[in-house]
Amino acid sequence: MAGFATKRLGKELSKINSNSLPPGIELVSADNFEEWFLDIRVLDNNPLYLNEIYRLKFRFSAQYPIEPPEVTFVKLADRPIPIHPHIYSNGIICLDLLGQQGWSPVQNVESVCMSLQSMLTGNSRNERPAGDEEFVRANRLRPKDIDFYYDDNNV
Amino acid sequence: MDTDDEFMSTVSSEDDMLPDDSDNDISGDDDFGFDDEPDPDLGIQQDIGQNKRAPYDVSFRVYEPQDIQQQQDVLIDEVNMILNISKEESAILLRHFRWNKERLLEQYMDHREKALEAAGLSQTTSAPPKLEVIPGFCCDICCEDEEGLQSFALKCGHRFCVDCYRHYLGQKIREEGEAARIQCPAEGCNIIIDARSLDLLVTAELTERYHKLLNRTYVEDKETLKWCPAPDCQNAIECGIKKKDLTRIVPTVACSCSHRFCFGCILNDHQPAPCELVKKWLKKCADDSETANWISANTKECPKCNSTIEKNGGCNHMTCRKCKHEFCWMCMGLWSEHGTSWYNCNRFEEKSGTDARDAQAKSRVSLERYLHYYNRYANHEQSARLDKDLFAKTEKKMVQLQKESGMSWIEVQYLSAASMALQTCRQTLMWTYAFAFYLARNNLTTIFEDNQKDLELAVESLSEMFEKPVTELADSRLKVDIMDKTSYCNKRRIILLDDTARNLSEGKWIFNVEFSNPTPISGPSSRK
């Protein structure tokens, strides 16, 4: 079983190394097949995200890519958490394609990064999700165990 | 012991020995042919119309796993023949339309493409699913591209290698418990995998689980079907009672595994109390009962805002944490009237004190009222449990009795009948107390309480007889007494249920709480 995820991630990695990633997406580290870090930035002039780079953490289970990876933003000195109505201030992302229902095993690290990139590009609302403070304070669940309601398809 | 002879006949007929519901399961009329849209008014109106059925009875059917399978097969065959599409596709369509064949056919005839697409089927073809080796194929999931890789695609043409498909299906079926709506793994593709393709791809063990899950969705999809909640029971029950009927009837059904439950809320039989009162009652009990006794003994309420206060030490000068009202713990009067005689209340006569105590007494009365009903409810619940333990011992008793008295097996069956009667009657009695708690005081309630009293007396005296040692049970006079009492208990129970159910269906009860969805009724308003 474990070989399954490893095999696929190995192929993704060699593809990234040979073809390089699309503009605005960079691989920071992929030292093992459990946790990868990537940086993304938006390509247009959206004032909300202009001149900022954001750090993404991918965690893969042995069931990857059948199961979605766990993807969150990470806060560092020079890597803030982007402001977005679907991104909590602790970096947890509410995006249907990262949930069991919306995920497809055809997706990969690159396509997830691109989706997040376009999720930021398409946003003009300078706000956090409703109940952000409460959620950030109280949540002890892993992102995959949270029941998100994907109620808003416009952002 | 003395029995209330005035109620007794000397002989009781056999059919009185059992609770009256045992003949329900496959009761005559064929209202529920599964291929018919159930009559929307089924249940109440018809029940009242048919004099044969008691007002507390509903008609229902018990289905065993093979019946459930067969029902699906019959429907699938019909759609398969009418529409000339494969069985697997018929099944997917039926599931999508929640097994409503008429609606399926209508939609299919009117908007074929749309119906197919919504159900997750593409244009139908009759070619059977097969594994293929395609030269130059690279799997999008594992990125494998070696020669001779076996691959599979649904009708949408999204092709993946067999290994990935197996992983995918295993995850869906085993981990996520999905069956009816497993989609093609490709992103955004909502073509649904059919049973035949699945059989081709996964192990027999997984296929079995898949079909189990499918059966489950069949029962869950149909409003008229529910699983029997008894542990390890695999039967489903069909009953036409709708949610909106639940304020007027308590649809108790009995599975062939002998478990009796309410079709409306799946809880154990709770006749005569309707589901909504049961819900309120259980919530109240969960909130209140454990602590209510303690509260009653150890606390007082703030005379102004009625917050419950425990005095856990200190002086008599109380300041309510909620409303800041200051009062004296002893006399409940205003603290400001205490002047300088602080910490030593001798002001029993003052008006503010008596007023406060009156108000307090009132709120205590409501608590005591609740405890009155709760204690009786809890008592029957516990006794029913004890009687159940006794039932286990009954069999032993019966064997012993056969040995000692030379009675035959059939001759000692009266003990088992008595035990059954005790349990059913206690179950009913228990809920009569929850029911009564919500009843407003009027003549109907008085009649109800008389019925309740009669049943309770009979049950307690039967319970006493039932506990006698085997040596005494062998006495043929006691045997006749027990048989008579059993029959009497069952009769009293039916009278009580009959009366409550009839008034419920006619909307005659007046409750001291509001129902969330009051049904239009002809009688007086359902609120005080």
Side-chain angles (χ1 to χ4, degrees), chain A residues 1-19 21 30 33 36 58 60-71 95-119 142-148 150 153, chain B residues 96 120 134 136-147 149-154 156-193 197-198 201-203 205-206 209-210 213 217:
Chain A
M1 279 303 209
F4 194 72
T6 311
K7 206 166 85 182
R8 153 80 181 248
L9 284 166
K11 300 225 173 194
E12 277 193 54
L13 193 59
S14 64
K15 192 174 157 235
I16 289 172
N17 287 334
S18 60
N19 296 359
L21 288 158
F33 292 128
W36 290 8
F58 280 72
F60 307 101
S61 73
Q63 301 304 315
Y64 179 81
I66 303 299
E67 260 188 8
E70 181 187 306
V71 186
L95 179 64
D96 64 344
L97 76 83
L98 295 176
Q100 240 159 24
Q101 294 305 311
W103 174 255
S104 153
V106 175
Q107 302 273 10
N108 55 40
V109 173
E110 184 184 318
S111 71
V112 170
C113 288
M114 286 170 72
S115 299
L116 288 169
Q117 213 179 13
S118 80
M119 176 173 149
R142 298 223 62 101
K144 71 165 187 162
D145 298 324
I146 303 169
D147 276 325
F148 286 121
Y150 308 111
N153 298 317
Chain B
H96 177 71
I134 305 243
F137 165 76
C138 172
C139 173
D140 276 344
I141 297 178
C142 62
C143 309
E144 198 62 67
D145 56 359
E146 65 186 47
E147 291 276 314
L149 190 63
Q150 286 217 309
S151 65
F152 177 80
L154 288 167
C156 51
H158 297 120
R159 185 164 290 279
F160 302 101
C161 79
V162 173
D163 204 31
C164 286
Y165 242 116
R166 280 191 190 128
H167 267 99
Y168 176 73
L169 295 172
Q171 168 80 11
K172 288 283 171 195
I173 297 168
R174 207 174 291 121
E175 307 300 326
E176 295 172 35
E178 282 245 29
R181 292 204 65 85
I182 302 181
Q183 299 176 333
C184 162
E187 192 204 343
C189 178
N190 47 21
I191 295 297
I192 289 191
I193 186 148
S197 304
L198 188 110
L201 290 163
V202 300
T203 57
E205 175 243 339
L206 215 54
R209 171 129 172 92
Y210 173 78
L213 287 167
T217 60

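Just so we're on the same page: letters track the sequence lines, and every chain starts at 1.
In this structure, the separation between CD on B/E187 and CG on A/L97 is 7.0 Å, given to the nearest 0.5 Å. To the nearest 0.5 angstrom, A/K11 atom NZ is 5.5 Å from B/D145 atom CG. From B/I141, atom CD1 reaches atom CZ of A/F4 across 6.5 Å, with rounding to the nearest 0.5 Å. Interatomic distance, CD of B/Q171 versus OG of A/S61, reported as 7.5 Å (0.5 Å rounding).
Using a 4.5 Å cut-off between heavy atoms, B/E175 does not touch chain A at all. Proximity to chain B involves both the backbone and the side chain of A/P105, based on heavy atoms less than 4.5 angstrom apart. Heavy-atom distances place no part of B/C139 under 4.5 Å from chain A, backbone and side chain included.
Atom NZ of A/K15 has 12 or fewer neighbouring heavy atoms from other residues, nucleotides or ligands inside a 6.0 Å radius.
Shown here for A/V106 and B/P185, the closest heavy-atom pair between the two residues is CG2-O, 3.9 Å. Considering every non-hydrogen atom in both A/R8 and B/C143, the closest pair reads CD-SG, 4.2 Å.
The existence of a salt bridge linking A/K7 and B/E144 is confirmed by a sub-4.0 Å separation between a basic side-chain nitrogen and an acidic carboxylate oxygen.
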